[in-house]
Undergrad: 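Handing you a structure now.
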Amino acid sequence: MDIQLYNTLTRQKEVFLPLDPQRVTMYVCGPTVYNYAHIGNARPAVVFDILYRLLQRSFPTVVYARNVTDVDDKINQSARDQGVPISTITDRYLAAYHADMGALGVLPPTIEPKVTQHIDAIIAMIERLIANGNAYEKDGQVLFHVPSFAQYGQLSRRDRDEMIAGARVDVAPYKRDPADFTLWKPSTEDMVGWDSPWGRGRPGWHIECSAMIERNFGTGPIDIHGGGHDLIFPHHENEIAQSTCAHNGALFCRTWLHNGFVNINAEKMSKSLGNVTLVHDLLELAPGEALRLVLLSAHYRQPLDWTENAVKDARAQLDRLYRALDSLKDVEASNNAVPASFMTALADDLNTPKALAELHQIANAANKATDAAERARLKGELLAAGWLLGLLQQDPTAWLKGTGAADVDAAAIEALIAERKAARARKDWAESDRIRDELAGRGILLEDKAGETTWRVAS
RNA sequence: GGUCCGGUGGCGGAGUGGUGACGCAGCGGACUGCAAAUCCGCGUACGCCGGUUCAAUUCCGGCCCGGACCUCCA
């Protein structure tokens with residue numbers, strides 16, 4: 001089945017075909033590890049995780065690189081404030097990032113390159129840019145000279161004059177052209193830095209991705225480059241300029257993908273509004289799988305409004321899906337085929353809302369099915385389609401009984417259920433209902449099915 | 001000013017030139033001691049105004065409204 005992706009470069013959906021049909025190469029801008037990840041940081045991780053899963057199913061090899069920015073001015077500032085090496089900060093928050101993404105069901109990427117391990121590659125690339133006449137040094141700063149790259153602005157579709165006219169910052173005096181951007185900057189003694197031909201310093205932001213891509217994928221074009229919508233300009237525009245010029249005009253990347261932003265209650269997430277919502281904190285309130293489902297509930301290019309109700313809705317949806325799965329306990333999944341309608345949705349530029357609708361259709365069919373073979377087939381479809389979305393891989397009983405919830409005492413619940421069963425046997429409905437109400441008061445819901453009583457945690 | 005997205009039923013959110021996806025919530029029914037779960041059924045939804053068309057929420061034009069980006073924010 002063809003996979004279609006919306007390429008920011010051409011502003012249209014295109015059939016995706018890797019340059020090497022045996023091996024897909026994909027790079028996504030990952031986190032800057034100076035704090036916990038917020039839900040907006042999680043969106044690209046989850047979106048490109050789904051693309052990674054889909055590609056893995058469609059091509060023999062997928063090399064997915066998601067970088068870690070482990071040196072930058074915010075990290076430096078934080079390290080200086082706390083009087084610790086930057087690695088203390090970056091180790092802590094990289095571990096937190098991994099934990100958070102794991103909770104969201106994000107698979108580890110194939111490789112996770114770190115900036116501090118690519119300083120030599122960065123320096124080598126900057127030297128080449130200087131040699132090619134695309135960059136210059138001034139007072140320990142090295143800058144990329146934007147007018148040296150005629151195609152500059154092609155990704156963001158801006159022309160230089162507009163960029164200058166719209167610029168909201170003063171032009172630094174060391175720039176030859178207002179659009180020039182930093183490749184290398186000097187570090188003072190109390191800051192982290194590396195020796196370079198231009199003195200002790202540290203890399204600018206944009207160059208790291210170009211250098212890490214070159215080191216890990218070579219100089220040929222990569223198939224896919226992803227990131228948040230805001231990175232189109234200037235970050236990705238600059239990457240194109242750097243890599244194309246460093247590779248003597250060779251194409252840098254074939255398909256550019258960008259995810260939309262997450263808003264919080266219809267407002268932009270920002271420190272000044274005080275509404276920065278951390279994954280770490282959300283995980284205290286809801287299972288990671290529910291948070292993931294919220295992120296999948298809108299198409300990845302659309303803005304997503306994060307609300308309490310959206311989380312509640314996601315939990316209710318998962319309850320329904322897991323209930324369907326739970327009712328299939330007695331049959332073994334007979335296959336791992338994904339229905340064509342589901343694949344079509346996902347392959348259509350990752351239409352996760354449509355795919356989710358198809359997933360519900362499978363669950364609906366499963367709820368109705370009575371034939372054992374059909375139920376076994378539907379169970380396989382539910383699990384396989386769920387896997388592509390990174391959902392439904394938990395034990396359904398565990399999900400419904402809310403494992404890990406501190407206040408759930410299974411033995412006590414079972415004891416009350418036994419008491420209620422006795423009351424029901426003697427048709428003492430008042431007592432039976434009293435016990436049910438008592439449990440409901442503790443967030444435990446009972447279901448009498450086929451002469452047996454099961455319980456689950458209210459979500 | 002420039003670039004680019006949106007405006008769909010109570011809510012979220014796909015999609016389509018002509019039978020109102022899917023989920024949540026709600027209502028009615030079946031089932032149940034009663035519930036819950038499940039199943040069946042129920043909603044005159046497509047910002048406004050024109051145009052094209054046998055037919056437009058869907059295509060075209062204009063307008064109104066909202067949002068993003070425009071030098072280091074996913």
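Just so it is clear: chains get the letters A, B, ... in the order the sequence lines come, proteins before strands, and each one is counted from 1. Both backbone and side-chain heavy atoms feed into the values below; hydrogens, waters and symmetry mates do not.
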Undergrad: What integer distance in Å separates A/L391:CG from B/rG23:C1'?
TA: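 The distance from CG of A/L391 to C1' of B/rG23 comes to 13 Å, rounded to the nearest Å.
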
Undergrad: Would you indicate what A/G40 reaches in the nucleic acid, counting non-hydrogen atoms under 4.0 angstrom: base, sugar-phosphate, or nothing?
TA: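 A/G40: base contact, heavy atoms under 4.0 Å.
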
Undergrad: Within this structure, what is the NE2-to-P distance between A/H360 and B/rA21, rounded to whole angstrom?
TA: 16 Å

Undergrad: Can you tell whether the side chains of A/D330 and A/K379 come within less than 4.0 Å, N to carboxylate O?
TA: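 Salt bridge flag = no for A/K379 with A/D330.
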
Undergrad: Ignoring the backbone of A/N364, work out which of B/rU71, B/rC22, B/rC69 is nearest its side chain.
TA: B/rC22

Undergrad: Which nucleotide in the set B/rC70, B/rG33, B/rA37 lies at the smallest distance from any side-chain heavy atom of A/D433?
TA: B/rG33

Undergrad: Centre of A/Y27's six-membered ring, under 6.0 Å away, within 45 degrees of the axis: is that where NZ or CZ of A/R66 sits?
TA: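 Cation-pi check for A/R66 and A/Y27: fails.
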
Undergrad: Between P on B/rC34 and CZ on A/R420, what's the gap in Å once rounded to a whole number?
TA: 13 Å

Undergrad: Could you measure between the two C1' atoms, the one in B/rA14 and the one in B/rA21, and give it in whole Å?
TA: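 To the nearest whole Å, 6 Å.
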
Undergrad: Watson-Crick or G-U wobble partner for B/rC34, using a 3.5 Å limit on both distances?
TA: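 B/rC34 is paired with nothing.
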
Undergrad: Taking B/rC64 as the reference, what is the distance to B/rC22 when you measure between their P atoms (whole Å, please)?
TA: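 B/rC22 and B/rC64 have their P atoms separated by 37 Å.
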
Undergrad: Which sits closer to the 5' end of RNA chain B, A/N351 or A/Y34, going by the nucleotide each is nearest to?
TA: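 Per heavy-atom nearest nucleotide, the more 5' residue is A/N351.
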
Undergrad: Between A/N367 and A/S327, is any pair of side-chain heavy atoms under 4.5 Å apart?
TA: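 Yes, side chains in contact.
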
Undergrad: Using atom NE2 of A/H229 as one end and atom P of B/rA68 as the other, report the distance to the nearest whole Å.
TA: 11 Å

Undergrad: Should A/F261 be counted as stacked on B/rA74, where stacking needs a ring-centre gap under 5.5 Å and an angle between planes under 30 degrees?
TA: yes

Undergrad: Give me the ring orientation class for A/F149 and A/F144: parallel if the planes are under 30° apart, tilted from 30 to 60°, perpendicular past 60°.
TA: perpendicular

Undergrad: For B/rC42, give its Watson-Crick or G-U wobble partner with both distances under 3.5 Å, or none.
TA: B/rG26

Undergrad: Can you check whether any acceptor in the base of B/rG33 is under 3.5 Å from a donor in the side chain of A/R424, or vice versa?
TA: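 Present.
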
Undergrad: Is the A/H280 ring parallel, tilted or perpendicular to the A/Y36 ring (thresholds 30°, 60°)?
TA: parallel

Undergrad: Whole angstrom is fine here: how far is it from CD in A/E267 over to C1' in B/rG67?
TA: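 My rounded result for the distance is 13 Å.
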
Undergrad: With side chains defined as the heavy atoms from C-beta onward, is the minimum distance between A/F261 and A/L304 less than 4.5 Å?
TA: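 No. Closest side-chain heavy atoms not under 4.5 Å.
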
Undergrad: Using the C1' atom on both, measure B/rG7 against B/rG41 and round to a whole Å.
TA: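 About 32 Å, rounded to a whole number of Å.
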
Undergrad: Measure CD/A/E452 against P/B/rA36 and give the value in whole Å, please.
TA: 20 Å

Undergrad: Describe the nucleic acid contact of A/L446 in one word from base, sugar-phosphate, nothing, applying a heavy-atom distance below 4.0 Å.
TA: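 The answer is base, as A/L446 lies within the cut-off (heavy atoms under 4.0 Å) of a base atom.
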
Undergrad: Roughly how far apart, to the nearest Å, are B/rC11 and B/rG51 at atom P?
TA: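 Each nucleotide's P atom is 31 Å from the other's.
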
Undergrad: Can you measure A/Y97 atom OH to B/rA74 atom C1' for me and round it to whole angstrom units?
TA: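 Answer to the nearest Å: 9 Å.
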
Undergrad: Base of B/rG33, side chain of A/S432 - is there a donor-acceptor contact under 3.5 Å?
TA: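 Per atom types, the contact qualifies.
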
Undergrad: Hey, is the side chain of A/R436 pairing donor to acceptor with the base of B/rA35 inside 3.5 Å?
TA: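 Looking at the base of B/rA35, it does pair with a donor or acceptor on the side chain of A/R436 (distance under 3.5 Å).
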
Undergrad: Between B/rC40, B/rA74, B/rG23, spot the one nearest the side chain of A/N41, thanks.
TA: B/rA74

Undergrad: Given atom CG of A/D305 and atom P of B/rA74, what is their separation to the nearest angstrom?
TA: 20 Å

Undergrad: Please figure out whether A/I39 or A/K449 has its closest RNA chain B nucleotide nearer the 5' end.
TA: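 Residue closer to the 5' terminus by nearest nucleotide: A/K449.
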
Undergrad: Taking only the C1' atom of each, what is the distance from B/rC54 to B/rG47 in whole angstrom?
TA: 27 Å

